[in-house]
Amino acid sequence: MPELPEVETSVRALKPFEGKVLENISILNPKLRWKVDTKKISSIENLLIENIFRRAKCIVMQFKNSFHVLHLGMTGTLRIQDAGNNRTEKHDHLIFHFHDKCFVFNDTRKFGYFKILSIEEYKNFDCKLGPEPLSKNFNAKYLEDQTTKSSAAIKNLIMDQKVVVGVGNIYANEALFTAKIHPLTKGSHLSHDERKQLVAAIKTVLTKAIALGGTTLKDFYTPEGNKGYFKIKLKVYGKAGAPCPNCNEIISKIIVGQRASFFCSSCQKIS
DNA sequence: ATCTACTCCTGATTGC
DNA sequence: TGCAATCAGGAGTAGA
């Protein structure tokens, strides 16, 4: 399931398309999380991609007067093909055509979306999102401002894209384990040290996952068709009943904010 | 204002 | 064996 590292991996694979001309986009199925604007998309013709980058969990293509925003949802993947290759697969929804290549957006569960935004609309979209976790704007002081008065569980807070972007369920679990913080700890109950450790843990976990090409559970492959290798490094996610890698206590599973949460009841005490 | 619960979707897995 | 119920979860939204 694409979280920040998976999206980052996808963006890196798309970098060769920078400076190329997007000739047009085929719509195989407009019914994604939000119905794609077929009229707007069909009006596109030969636009030069100036920049491709990641913002939160979105792949953003920047053009002279617009931004294309693609969210992979939970099961979205991209597949790069030669232009002459007309092969399609089940759940292919959009095809971005270039002179000699194309890339295909495939999303089984249709939780992803694709939007074309004006510069103004993009600014508005961007400013509603929290800071990038790997930027220096995401630090202990910032996290303190965001959590010190909150009664919500810290796990819900770090998964809130207004607080910090890109941290989904897998990495939230891993980061809390690394920082030795119980997922149900209220934001206001965190100590100064815990906030510091949590910020550091989020950065470390995400950086390592990016280096390994993301996490492949069932769904994620890079656009070149490779698996992400972070899964073998997961310490608690999906490991209920297994021994804690630190202390051998059995890993517990609870539901926090409707999401499966894994932790070690010995290493991660509520404070 | 803040927080929680529900909702969309499909396929794999589990249960009877 | 086969069909049905359950689970997975990003993030918008409705409701508390």
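This structure is a prediction, so every number in the text was calculated from the model and none was measured. In what follows, chains are A, B, ... by sequence order, proteins preceding strands, each numbered from 1.
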- [ ] Verify the distance criterion only: is there a donor paired with an acceptor across the side chains of A:S261 and A:K155 at less than 3.5 Å?
- [x] yes
Open item on the list: I'd like to know if A:R109 reaches the base of B:dG11 with its side chain, counting only an N/O donor and acceptor under 3.5 Å.
Closed with: no
Open item on the list: Restricting to salt bridge (Lys or Arg N to Asp or Glu O under 4.0 Å), what partner residues turn up for A:E89, sequence neighbours left out?
Closed with: A:R79, A:R87
- [ ] Identify, with sequence neighbours excluded, every residue that meets salt bridge (Lys or Arg N to Asp or Glu O under 4.0 Å) alongside A:K141.
- [x] A:D145
Task: Contacts of A:H97 that satisfy side-chain hydrogen bond (donor to acceptor under 3.5 Å, both in side chains) - sequence neighbours left out - done: A:S26
- [ ] Would you please name every residue forming a side chain to side chain contact (heavy atoms under 4.5 Å, CB included) with A:E194, sequence neighbours left out?
- [x] A:I181, A:L190, A:S191, A:S271
Task: Test side chain to side chain contact (heavy atoms under 4.5 Å, CB included) applied to A:C247 - qualifying residues, sequence neighbours left out - done: A:C244, A:E249, A:C264, A:S266, A:C267
Does a nitrogen or oxygen in the side chain of [X] sit under 4.0 Å from OP1 or OP2 of [N]?
| X | N | value |
| --- | --- | --- |
| A:K110 | B:dT10 | yes |
| A:H91 | B:dG11 | yes |
| A:H71 | C:dG10 | no |
| A:K31 | B:dC8 | no |
| A:K253 | C:dA8 | yes |

Kindly give the atom pairs (protein nitrogen or oxygen, nucleotide nitrogen or oxygen) under 3.5 Å for nucleotides 3-5 of chain B.
from	atom 1	to	atom 2	distance (Å)
B:dC3	OP1	A:S150	OG	2.8
B:dC3	OP1	A:S151	N	3.0

Whole-Å distance between [N] [atom2] and [X] [atom1]?
| X | N | atom1 | atom2 | value |
| --- | --- | --- | --- | --- |
| A:K128 | C:dA11 | NZ | P | 14 Å |
| A:I154 | B:dT2 | CD1 | C1' | 15 Å |
| A:I254 | C:dA8 | CD1 | P | 13 Å |
| A:M159 | C:dA11 | CE | P | 9 Å |
| A:I255 | C:dC7 | CD1 | C1' | 10 Å |
| A:F125 | C:dA11 | CZ | C1' | 12 Å |
| A:D92 | B:dT10 | CG | P | 15 Å |
| A:L32 | B:dT10 | CG | P | 11 Å |

For residues 57-74 of chain A, tabulate all N or O donor-acceptor pairs below 3.5 Å that involve a side-chain atom, not counting sequence neighbours.
from	atom 1	to	atom 2	distance (Å)
A:H71	ND1	A:G73	N	2.8

TODO: Could you tell me whether a side-chain N or O of A:N173 sits under 3.5 Å from a main-chain N or O of A:F262, the two making a donor and an acceptor?
DONE: yes
Task: Side-chain donor/acceptor of A:D107 to backbone N/O of A:H93, under 3.5 Å - done: no
- [ ] Would you indicate what A:K162 reaches in the nucleic acid, counting non-hydrogen atoms under 4.0 angstrom: base, sugar-phosphate, or nothing?
- [x] nothing
- [ ] Compare the aromatic ring of A:F111 with the six-membered base ring of C:dG10 and state whether they stack according to the 5.5 Å and 30° rule.
- [x] yes
TODO: Note the angle between the end axes of the helix from B:dT2-C:dA16 to B:dC16-C:dG2, five pairs defining each, rounded to 10 degrees.
DONE: 60°
Determine all donor-acceptor pairs shorter than 3.5 Å in which one atom belongs to a side chain in residues 130-138 of chain A; sequence neighbours excluded.
from	atom 1	to	atom 2	distance (Å)
A:E132	OE1	A:R54	NH1	2.8
A:E132	OE1	A:R54	NH2	3.1
A:E132	OE2	A:R55	NH1	3.0
A:E132	OE2	A:A56	N	2.8
A:S135	OG	A:E132	O	2.8
A:S135	OG	A:N137	N	3.3

Can you give me the N/O atom pairs linking the protein to nucleotides 12-14 of chain C at distances under 3.5 Å, or say none if there are none?
from	atom 1	to	atom 2	distance (Å)
C:dG12	O4'	A:R33	NH2	3.4

Task: Contacts of type ring pair (Phe, Tyr, Trp, His ring centres under 6.0 Å), residue A:F96, not counting sequence neighbours - done: A:F103, A:F114
Task: Under the ring pair (Phe, Tyr, Trp, His ring centres under 6.0 Å) test, residues paired with A:F53 that sit two or more places apart - done: none
